[in-house]
Structure formats: structure tokens, C-alpha cells
K.L.:
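Just dropping this structure here.
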Amino acid sequence: MGGFLPSRLREGAHYTRAGGRPVESLTLPVAPAILPHDSFGKDLRLPFEPLDQFLQRQKKLEQIAALGHDPYPHKFDYTATPAEVVEKYGTRTAAKLDTERVLVRVAGRILTMRLHGKAGFAHIHGQGKRLQIYVKLDVVGEPGFQLFQLLDMGDVIGVAGHLFRTKTNELTIWVEQLTLLTKALLPLPEKWHGLADVELRYRQRYLDLLVSEGVREIFTRRAQIVRELRNFFDARGYIEVETPMMQPLAGGATARPFITHHNTLDINLYLRIATELYLKRLLVGGLDRVYEINRNFRNEGISTQHNPEFTMLEFYQAYSDYRDLMDLSEELLTGLVQQVCGTTQIHYGEHEIDFRRWERLSMREAICRHWPTAAGAAPTGQQLAAAGGPRAAVERYNAWARGGHAEPTASAAKFSDGELTGLLFEAVAEPKLIQPTLLYDYPTDLSPLSKCRPDDPLLAERLEIFIGGLELGNAFSELNDPAEQERRFREQVAHGGEEVPKEVDMDYIRALCHAMPPAAGEGIGIDRLTMLLTDSHSIREVILFPLLRPEARSLAASAGERPDPGDAK
RNA sequence: AGGGGCGUAGCUCAGUGGUAGAGCAGCGGCCUUUUAAGCCGAAGGUCGUGGGUUCGAUCCCCACCGCCCCUACCA
């Protein structure tokens, strides 16, 4: 415990720390204890800040218990959630409600309170909607009203009563019976602005979900996206599987893995960087259509588009090539946008994106198409295909760029024509790919897991999906020649580097030797897809608990320890 | 990793080289149809941490910690 609170909340923390020894108690005002003292006489209350409000609410909870209420009841039978009540009765007239006298039992969290002496209003929140309640002394009686006066914003309560409309015509529950379900010992964030501190929003996402506009919708939409993806593949005869996240070799992509350790086996394992090689083993095993939606882990940088753990859909289908996936990708994404957003034209930042108009471009075509006119005549496809052609184009581009027009691209002599084509694409075309685009025919040098085009071994049958400037998906005609695969693996290992496996995955080669049918496979980044469909511009907005640096220093400080000066670099 | 920005009450934010301010939340009081309810009163702060300059630092300088943004690698 203890990794989740901002340092300010930990000031004065004196619960047991990880080592099990009780931590020195800091000076605290005397207050009623809910939890007992331990055998050392240390106070085991949980003194979080704001301390005065925490203690105040503990006191109220005791008073509520003294009134005969169970402070932590086990359940509450409700007839509808606040959202359901609003949905069902939101348009019913006051007169109709008066004659019908609709009885409801509703549970929710108090988000606002307005007390008026011997009566009061509150809003309770449930399933993303607010519903007003009205509590009156002469309706709930003296004991019920005492309880009401001991409630705070943030408390979870249950109410029973009938629906009516106030003078201002707001649908409201006329509360006849009030029950505390859980007392909040800490207050909610400020009610106008909610949580503005981005760090606090991520660290205390539960509060963010309660008080920040739209956050709940992002994650319900994310769930909907995943659900629709499953529906799509399930309806087409794909089997959903779960392959190992802990792997003896981290293959299937070029990325630095995380390392973990299994004690009993006494071996190091890698957290997977891709599902690819296991899913293709399943193709060998006769699962001709197979998909997996789950986490990959890459020990690399963090940015608005990268989180160390991220969610990927990967799917494979036998007896197909990447051209089949072009059609499938369009169908999948266009249908998904229609279902999730209710339209095929969406906004992403300043862009209007139209899923009715897909573009298909080869990488060379994309370069020709988006070549800056100011940099002279665009190279032709034949020029880019010719030996030395990409280098000539890069040199022309850089000559123009160095005039202060753009960032010149790398052009070291060791780069192959294929690599230079890739660099040129990234410099010239990639930022321009806003409308849904299928980019295909990558240089073979950039695509070690892909089959080559039969008519041109310099080109790989590879496809990427670009939308809104985001790289959303990546697909191949999968390499299934075990000898060629082993050759490429050995080349990789020889090349070395942290982002390359240390040895050849011979188990995978053996699987290929049992014959993997010709197949096409594709990966789609779920986080980025969610960004696109929720108009979010940081991956952290679509991940509930993005990775943040733990607050090790302040934790140690609040536990009464000085950080080791040797660590202070 | 490099560049830029931010860190002041529990939350949202002002502010100044001379010992700190508002709103919300909380506390006490009034208020039986409110809507950011209102009115009255009192309380709440090692101004991120550590150094330095200064008679004096929350403010200026340096280092560190954390977060955000941009760039680079990556999906």
C-alpha cells in the first residue's frame, strides 16, 4: 500500500511501512480512533490530509453509529440507478408524477449539498448521471434528519421515496427514508473545476472519474471499442486466445523488453513486446483465424503517444495476404467508427476525418504525392525504385530543407536505399496522412517479418494504417519460409542491440518447419484507436492508470526516513 | 536523452525582496423548493526540497525532485 497518494497527503503518515516495523508517529491532534492501537501502542488510524476534515468525518461517522446506524451496511436493494431514473422519468411532467406517485429506491454518491435549516437538497451520482434528492425534517423525522445533517459530499447513500418536480421543474426524489451506505473520510475535489492538476488526475483516477467532465465517457467508449472489435472478429469465425505475457525470448517486434524473474524455475523471463510469434504458432496448430486483445510491454520512452504498457489487437488469418487485409481494415475501422461514434465523419483536433474516403498509397507514391513543391520537381516512382534513386531524392530534399524550410533527414552513407526511402517518407509524407490511409509496399529492409513482393524483392508486402497523423496499425503477408525466417533471425542477432533478441527463437523456427499456411496478420493499437475516437491527444487520457514515476522520495520522507544521500543523484 | 513551462491552504487559483490572499471544501450560527443556494463569524500555509545572494527570500541565483508540453526512439 501507499504508492498512490500525492506527497501532500502523506505528510504525517504513520502506518506500518513495507518492512513491517511501525513507523515513528508524528505529532497529531488527539481524536477518536476508529482503528485500535497496535501492540506497540502505536496509533493505527489513517491520518490523511486534509487532516482536520478527515478527523471531522471520522467523528461524524462515530456519531452516525451512535444514532444506531450501521456505519458499513452490506447492501442496498435499489429499484433503479440515478441514470436509469433520469432516463425513464426525465421528461415526465410534474402533474403526471404527482398522480402516479412513482416510488423508487436509489443509491449513489453525494456530489452537491444545499442545506436550508430544516430541509435540504443534494445531488446523488450514479452511472454517470446526477439526480436531485430533497430531504425534509417533517418527512424523514428527527432521526433521519440528524443523519442527513451528518452527511458530507462524497458520501455514498441510499434513499427511498417518490419522484416529484421542484418549483424550478427539476426531477427530484422526495426522500422518505435515508440510509448511509459508506462514509467518505476524505473530501471530493473542488466542485467547480474538479481536478485540474494532470498528475493528480492520473494518480487519483477514481476522483477524476467522479468529477471531471468527459473522463467517464472516454473509458466507456474505450470499452465499447473493444466490445465492437470482439464482435467483428467473433462474427467472422476468429477465435480469441491468450498467449504468454512472460516469454523466454521477447520476439515479434524490435523493442527493448522488460525483464522479470521466476523464482522456482530460477530463470529470467521477458514481458512480451508482441503477440506475433505465438499467434503464428497457432496458425500452425490449425487455428486459421485467431486474435488476441491484450497488453504489450516495451521498455522505451514515454510520450503523448507511448505508454510502456499498451493494448494491442493482433489478428491472423490463413490463406490470405496483405491485400485481403486492406479490404478488411477499411471495413473494420469504418464500421467501428459508425457504431461507436454514430457517424463516419469525426473530429480529431483541428481535423475533420472522413471514413467514407479511404486512400491507398504505396510508400513511393506517398513520397511523390506529398513532395514539397518548393523543393523542386517531385521524384517519380521509377526514380525511387532505381538503385541510388532514394539517396538522390534525399539529397535534393535536404538541400532544400537546409535552407531553413524543414528539418533535414538523416542521410548517413550506411543507409540503404530502402532505409532512405523510409526516412524520406517520414519527412515528407507521414505528417500529411490525416485522412484514413492505407500505406503499403514498404522497403524490405524495414520489414524483417514480412514476405517480399514476388515481382520485386526490394518491396515487402506490408501495410500500415495512418489516420489523423496517428500510426494505428501494421500488417503483413506473413513470412512462413522457415529457412528464410531463420536467416533473418540470425542476421538480427548478429546485428545486436538491446532491442533485438539475444538468441534465435528456434522453437518458433521448428513450428514453421511444421508448415504455417500462407497468412496475413495485422496489429492495431487500441490506445491510439481510442485516442482517435475520443478526440484525445495524449495516450494517458485513454489509459486509466498510466505509468507515473513513484513518489519514492516523499514516501521515505513521510515515513520518517531520510533518503540515502548516496541516492541523491 | 535535449529544449520549454509549471509546483503557493485539502481542491481551483491570485500575489509580493519586508513574515501570505480569494473562491470552493471544512467548522460555529441563521435559513422547510435550492441549483456554483445565500447571509454572519472563526479557523486553516516549513509558498515542492536543499543550498546560495541579501539586514531580510515564497519572490533573485544554483542544484535536486515531480508533473506537463515539444523534439528524438518506438506502436
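Every chain is numbered from 1, with letters handed out A, B, ... down the list of sequences. Computed from a predicted structure; not experimentally measured.
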K.L.:
Give me the distance, rounded to whole Å, that separates B:A63 from B:G3 when you measure between the P atoms they each carry.
P.N.:
11 Å
K.L.:
Answer with base, sugar-phosphate or nothing: what part of the nucleic acid does A:Gln132 contact at a heavy-atom distance below 4.0 Å?
P.N.:
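Answer is base: heavy atoms of A:Gln132 come under 4.0 Å of a base.
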K.L.:
Return the pairing partner of B:C24 with a 3.5 Å limit on both distances, Watson-Crick or G-U wobble; otherwise return none.
P.N.:
B:G10
K.L.:
Could you measure between the two P atoms, the one in B:C55 and the one in B:U16, and give it in whole Å?
P.N.:
24 Å
K.L.:
Of the options B:U34, B:C13, B:U33, whose atoms approach the side-chain atoms of A:Tyr134 most closely?
P.N.:
B:U33
K.L.:
Partner lookup for B:U58, please. Criteria are Watson-Crick or G-U wobble with both distances under 3.5 angstrom; report none if nothing qualifies.
P.N.:
none
K.L.:
For a quick check of understanding: with a heavy-atom distance under 4.0 Å over all strands, which category does A:Leu195 fall into, base, sugar-phosphate or nothing?
P.N.:
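The answer is sugar-phosphate, as A:Leu195 gets under 4.0 Å only of primed atoms, P, OP1 or OP2.
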K.L.:
In the strands shown, is B:G38 matched to any nucleotide by a Watson-Crick or G-U wobble pair with both distances under 3.5 Å, and which?
P.N.:
B:C30
K.L.:
Can you check the distance between B:A14 and B:U53, where both ends of the measurement are the C1' atom (answer in whole Å)?
P.N.:
28 Å
K.L.:
Between B:U33, B:A75, B:U32, which one does the side chain of A:Phe164 approach most closely?
P.N.:
B:U33
K.L.:
Is the distance from the ring center of A:Phe315 to that of A:Phe233 below 6.0 Å?
P.N.:
yes
K.L.:
Taking atom P in both B:A22 and B:U54, what distance in whole Å separates the two?
P.N.:
35 Å
K.L.:
Using salt bridge (charged side-chain N to carboxylate O under 4.0 Å, His left out), reason through A:Asp527 and A:Arg222 one step at a time and then give a plain yes or no.
P.N.:
CA-CA 8 Å; A:Asp527 310 280; A:Arg222 182 176 174 129; 2.9 Å; yes
K.L.:
Report the base-pairing partner of B:U16 (Watson-Crick or G-U wobble, both distances below 3.5 angstrom), or none.
P.N.:
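Check on B:U16: unpaired, no WC or wobble geometry under 3.5 Å.
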K.L.:
If stacking means aromatic ring centre less than 5.5 angstrom from the base's six-membered ring centre, planes under 30°, is A:Phe121 stacked on B:A37?
P.N.:
no
K.L.:
I'd like a list of close polar pairs between nucleotides 23-27 of chain B and the protein, N/O only, cut-off under 3.5 Å.
P.N.:
{"residue": "B:G23", "atom": "N2", "partner": "A:Glu190", "partner atom": "OE2", "Å": "3.2"}
{"residue": "B:A25", "atom": "OP1", "partner": "A:Lys191", "partner atom": "NZ", "Å": "2.9"}
{"residue": "B:A25", "atom": "O2'", "partner": "A:Gln53", "partner atom": "OE1", "Å": "3.3"}
{"residue": "B:A25", "atom": "N3", "partner": "A:Gln53", "partner atom": "NE2", "Å": "2.9"}
{"residue": "B:G26", "atom": "O4'", "partner": "A:Gln53", "partner atom": "OE1", "Å": "3.2"}
{"residue": "B:C27", "atom": "OP1", "partner": "A:Lys60", "partner atom": "NZ", "Å": "2.5"}

K.L.:
Testing the basics here: between A:Val493 and A:Pro501, what is the closest heavy-atom pair and its distance to 0.1 Å?
P.N.:
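That closest heavy-atom pairing would be CG2-O, 3.7 Å.
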K.L.:
Counting only side-chain N and O atoms of A:Thr304, is one of them less than 4.0 Å from OP1 or OP2 of B:C70?
P.N.:
yes
K.L.:
Is any side-chain N or O of A:Glu170 under 3.5 Å from a base N or O of B:U34, one able to act as donor and the other as acceptor?
P.N.:
no
K.L.:
Looking only at atom P, what distance separates B:G50 and B:C13, rounded to whole Å?
P.N.:
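25 Å, rounded to whole Å.
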K.L.:
Rounding to an integer number of Å, can you tell me how far A:Glu419 CD sits from B:C73 P?
P.N.:
13 Å
K.L.:
Does a side-chain N or O of A:Arg114 approach OP1 or OP2 of B:A37 to a distance below 4.0 Å, or not?
P.N.:
yes
K.L.:
Using a heavy-atom cut-off of 4.0 Å across all strands, would you classify A:Ser538 as base, sugar-phosphate, or nothing?
P.N.:
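The answer is sugar-phosphate, as A:Ser538 gets under 4.0 Å only of primed atoms, P, OP1 or OP2.
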K.L.:
May I ask you to say what A:Asn169 touches in the nucleic acid, namely base, sugar-phosphate or nothing, with a heavy-atom cut-off under 4.0 Å?
P.N.:
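No contact at all - A:Asn169 keeps every heavy atom at 4.0 Å or more from the nucleic acid.
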K.L.:
Is there a Watson-Crick or G-U wobble partner for B:A1 with both distances under 3.5 Å, and if so, which one is it?
P.N.:
B:U71
K.L.:
In whole Å, I'd like the distance from the CZ atom of A:Phe148 to the C1' atom of B:U33.
P.N.:
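Going from CZ in A:Phe148 over to C1' in B:U33 covers 13 Å.
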K.L.:
Using a heavy-atom cut-off of under 4.0 Å over every strand shown, decide if A:Gly120 touches base, sugar-phosphate, or nothing.
P.N.:
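No contact at all - A:Gly120 keeps every heavy atom at 4.0 Å or more from the nucleic acid.
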K.L.:
Would you kindly check whether a donor in the side chain of A:Asp138 faces an acceptor in the base of B:U32, or vice versa, at under 3.5 angstrom?
P.N.:
yes
K.L.:
At under 4.0 Å between heavy atoms, what does A:Ala255 touch on the DNA or RNA strands: base, sugar-phosphate, or nothing?
P.N.:
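A:Ala255: no heavy atom of the nucleic acid under 4.0 Å.
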K.L.:
A:Phe466 and ring pair (Phe, Tyr, Trp, His ring centres under 6.0 Å): which single residue from A:Tyr440, A:Trp358, A:Phe425 fits?
P.N.:
A:Phe425
